[in-house]
Amino acid sequence: MLTGAGVGRGAGIGPVVRVSPAPVAPSDEQAPDDREATAARATAAFDDVAAALRAQADGAEGAAVAVLQATAQMAQDRALRTKVLAKISAGEPPVAALDSVVQTFVDMFTAAGGLLLERVTDLRSVRDRVAAHLLGVPVPGVPQLTGPAVVVAEDLAPADTAALDLRHVVAIVTEQGGTTSHTAIIAGQRSIPCLVRVAGALDLAPGTVVAVDAAAGTLEVDPGPAVAEAFAERARLAAQLAEDTSAGATADGVPVGLLANIGTAADAERAAATAVEGVGLFRTEVLFLDRTTAPTREEQAAVYAEVLRSLGGRKVVVRTLDAGADKPLAFATQPDEENPALGVRGYRLVRTAPELLETQLAALADAQRETGIEPWVMAPMISTPDEARDFATSARAHGLTTVGVMVEVPAAALRAEAILDEVDFVSMGTNDLAQYVMASDRLRGELSDLISMWQPAVLDLVAATARAGARAGKPAGVCGESAGDPVMAVVLVGLGVTSLSMSSGSVPAVRFAVSRHTQEQARAVAEAALGARSAEQARAAAVAALVPEVAALLGA
């Protein structure tokens, strides 16, 4: 039995398929005879890789689009190319030059930590693809699948995840990576069971049959028939829960909005076909990535109108541009930042590129006028009541009347009441909130116990924000990945959270868990978690306090 960190609640059984290894520079790689021609060949390799990734993005869906666009943008990065070409021009062999430069950037990103660390996998993916072109060997990645497969890799590149043949992928297992990495997000969105940080995964021989349980965070080698029967029963129960399309509410009728997270208009169309009450997080940065200039007001307005129409009048919460740090923009680049996760990102871009926000707000107002549907709009990375007031003033000046902010910074949670004096609602982004509360890089596997949403200190700030919302009589939702955990969902409702936004596939189990608890019972579950000393104890206490029917059915 191997263990790791699970993404989602899925499970599956199948044979191990190993990802093809990255090409290695030959030990006898020669310096180029014609440096100019070799530099031109390297430039063409970067161009080909970027073009292939863009083409892959055009055929992708959901979160995969942004991931592939971001990786393509990295292949086009001027600094990366310039340094590689300079080394080739100085006489270094091409792949050795590529490896040297990439390692420099890897060291830089690793030292910076935070969100930049998440780009290391993307950077190495670009390196491997460019090296394959230079060496004239097949591009590394997942081999063609002809039957059920558990894909095992050291750290599967997001571009490879996005290209997976979903007819055959039973699960994904990696030795490295994090639960909030691009690969994990894509796997979660596609409902593929995923385990990351699984020590010993690469020791599994190809063809070995394994059972992957994302909910339990386990991988069992050569499972018996009882495991397959248990997984089949879970699948049957999941299908049964999906038949309930009622609005989210506690057992005593307290409404709890159950919403979807989306990144594109196509995502909105898919979400609209499911039993969600709207969209709680529209990540608009997908429109901005992989571009040399910002999308125009008209381009943005067309997409926003399409999303609003797709949801047919259901609530749509639009997050304004959340860029910077790990999501750089070619047209709004920042100077090198020692701590990018603490730098000019999200709403803070108004300090350096205010026109980006103004154009986006104008486009949202255009979409509102065109469709007759009012979007909710919120800003990310708000730290102070003054920032909240300034954002609200700008949004309302454009005719957008329902204005809120994200609570991701501890200061915003601590001053939530003052912030709610300025806006109409708040929405908590629990991934970043946990990272900042615990001062722990959310991608470091060895810190996973600290970064957990179950940390009582994180729950304390969620509770403080929800109380502020209740006192103000204004909505206080959660749109982090934690909302999709049925046990955590009950805790959040008990803390006073008014809506939960998640991947639409997570909604049925969350609806069931919430609907089987009264508000008072949910409060008792939340109090049990808050009274614990550690994240592990908090979850165990919450599970113990659940209504027995829920704990049994969810296998909590």
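Residue numbers count from 1 along this sequence. None of these values were measured; they are calculated from a predicted model.
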If we ignore hydrogens and angles and just use 3.5 Å, is the side chain of Asp267 paired with the main-chain N or O of Thr264 as donor and acceptor? yes

Report yes if some heavy atom in the side chain of Val102 is under 4.5 Å from a heavy atom in the side chain of Thr104; otherwise report no. no

Of all heavy-atom pairs linking Ala457 and Met438, the shortest is CB-SD, 4.3 Å

Consider side chain to side chain contact (heavy atoms under 4.5 Å, CB included). Of Asp322, Val377, Val303, Val318, which one does Thr284 pass it with? Val318

Working to the nearest 0.5 Å, report the span between CD of Glu29 and CG of Leu134. 8.0 Å

Test your reading of the model: is there a side-chain donor-acceptor pair from Arg348 to the backbone of Gly343, 3.5 Å cut-off? yes

Donor-acceptor pair, side chain of Thr208 and main chain of Leu204, under 3.5 angstrom: no

By side-chain hydrogen bond (donor to acceptor under 3.5 Å, both in side chains) - contacts of Thr430 (at least two apart): Ser482

Kindly say whether Leu202 contributes a backbone atom to a donor-acceptor pair with the side chain of Glu175 at under 3.5 angstrom? yes

Yes or no on side chain to side chain contact (heavy atoms under 4.5 Å, CB included) for Leu357 and Phe391, after CA distance, side-chain angles and deciding distance? CA-CA 9 Å; Leu357 178 62; Phe391 173 71; 4.0 Å; yes

Trace of the side-chain hydrogen bond (donor to acceptor under 3.5 Å, both in side chains) decision for Ser501 with Asn261: CA-CA 6 Å; Ser501 190; Asn261 295 338; 2.5 Å; yes

Indicate yes or no: at least one non-hydrogen side-chain atom of Phe46 is less than 4.5 angstrom from one of Val49. no

Closest heavy-atom contact between Pro23 and Val137? CB-CG2, 4.0 Å

So Asp485 and Trp454, do their side chains get closer than 4.5 Å, heavy atoms only? yes

Donor-acceptor check, side chain of Gln300 to backbone of Leu364, threshold 3.5 angstrom: yes or no? no

Less than 4.5 Å apart, any side-chain heavy atom of Leu500 and any of Val510? yes

Residues passing the side-chain hydrogen bond (donor to acceptor under 3.5 Å, both in side chains) test with Arg234, sequence neighbours excluded, are Asp213

Taking every heavy atom of Ala268 against every heavy atom of Val307, the minimum-distance pair comes out as CB-CG1, 3.9 Å

When you measure from the side chain of Glu408 to the backbone N and O of Met381, does any donor-acceptor pair fall under 3.5 Å? yes

Derivation and outcome, side chain to side chain contact (heavy atoms under 4.5 Å, CB included), residues Tyr304 and Gln360: CA-CA 10 Å; Tyr304 302 149; Gln360 187 168 28; 3.1 Å; yes

Keeping the roles fixed (side chain from Ser100, backbone from Ala97), state whether a donor-acceptor pair exists under 3.5 Å. no

Heavy-atom side-chain contact between Ile88 and Thr38 under 4.5 Å: yes

Is the backbone of Gly263 close enough, under 3.5 Å, to the side chain of Arg283 for a donor and an acceptor to pair up by distance? no

Please answer whether the main-chain N or O of Thr296 pairs with a side-chain N or O of Glu299 as donor and acceptor at a distance below 3.5 Å. yes

Where is the tightest heavy-atom contact between Phe231 and Ala211, given as atom of each residue plus distance? CE2-CB, 3.9 Å

Rounded at 0.5 Å granularity, tell me how far OG1 in Thr71 sits from CZ in Arg54. 12.5 Å

Let me check something: any side-chain donor-acceptor pairs from residues 164-171 under 3.5 Å, sequence neighbours excluded? List them with distances.
| unit_1 | atom_1 | unit_2 | atom_2 | d |
| --- | --- | --- | --- | --- |
| Asp165 | OD1 | Arg167 | N | 3.1 |
| Asp165 | OD1 | Arg167 | NE | 3.0 |
| Asp165 | OD2 | Arg167 | NE | 3.4 |
| Asp165 | OD2 | Arg167 | NH2 | 2.7 |

Within-4.5 Å side-chain heavy-atom neighbours: Ser89 and Glu36: no

Using side-chain hydrogen bond (donor to acceptor under 3.5 Å, both in side chains), reason through Arg270 and Thr274 one step at a time and then give a plain yes or no. CA-CA 7 Å; Arg270 282 189 294 274; Thr274 67; over 6 Å; no

I'd like to check Tyr347 versus Leu321 (side-chain heavy atoms, cut-off strictly below 4.5 Å). Are they in contact? no

Nearest non-hydrogen partners of Val152 and Ala201, listed with the distance: CG1-O, 3.6 Å

Do you know the tightest heavy-atom contact between Met378 and Ser427? SD-CB, 3.6 Å

Could you give me the CA-CA distance, side-chain angles and deciding distance for Leu195 and Thr174, then say whether side chain to side chain contact (heavy atoms under 4.5 Å, CB included) is met? CA-CA 6 Å; Leu195 286 184; Thr174 67; over 6 Å; no

Candidate pair Arg345 and Glu285, rule salt bridge (Lys or Arg N to Asp or Glu O under 4.0 Å), full reasoning: CA-CA 12 Å; Arg345 54 174 300 215; Glu285 56 270 15; over 6 Å; no

CG (Leu259) and SG (Cys479) are apart, to the nearest 0.5 Å, by 9.5 Å

Evaluate the side-chain hydrogen bond (donor to acceptor under 3.5 Å, both in side chains) criterion for residues Gln435 and Asn431: first the C-alpha distance (whole Å), next the side-chain angles of each, then the deciding distance (0.1 Å), finally the verdict. CA-CA 6 Å; Gln435 174 172 247; Asn431 291 342; over 6 Å; no

Go through it in stages, so that I can follow the logic: the residues are Val151 and Val173, the test is side chain to side chain contact (heavy atoms under 4.5 Å, CB included), and I'd like the CA-CA distance, side-chain angles, deciding distance and then a yes or no. CA-CA 6 Å; Val151 178; Val173 178; over 6 Å; no

Has Thr218 got a side-chain atom pairing as donor or acceptor with Ala214's backbone, closer than 3.5 angstrom? no

Within the 4.5 Å heavy-atom criterion, are Leu98 and Val84 side-chain neighbours or not? yes

Show every salt bridge (charged side-chain N to carboxylate O under 4.0 Å, His left out) that has at least one partner inside residues 76-99, sequence neighbours left out. Asp47-Arg81, Lys87-Glu92, Asp99-Arg127

Could you name each residue pair satisfying salt bridge (charged side-chain N to carboxylate O under 4.0 Å, His left out) that touches residues 12-24, not counting sequence neighbours? none

Under the rule for side-chain hydrogen bond (donor to acceptor under 3.5 Å, both in side chains), what residues qualify as partners of Glu154, not counting sequence neighbours? Gln176

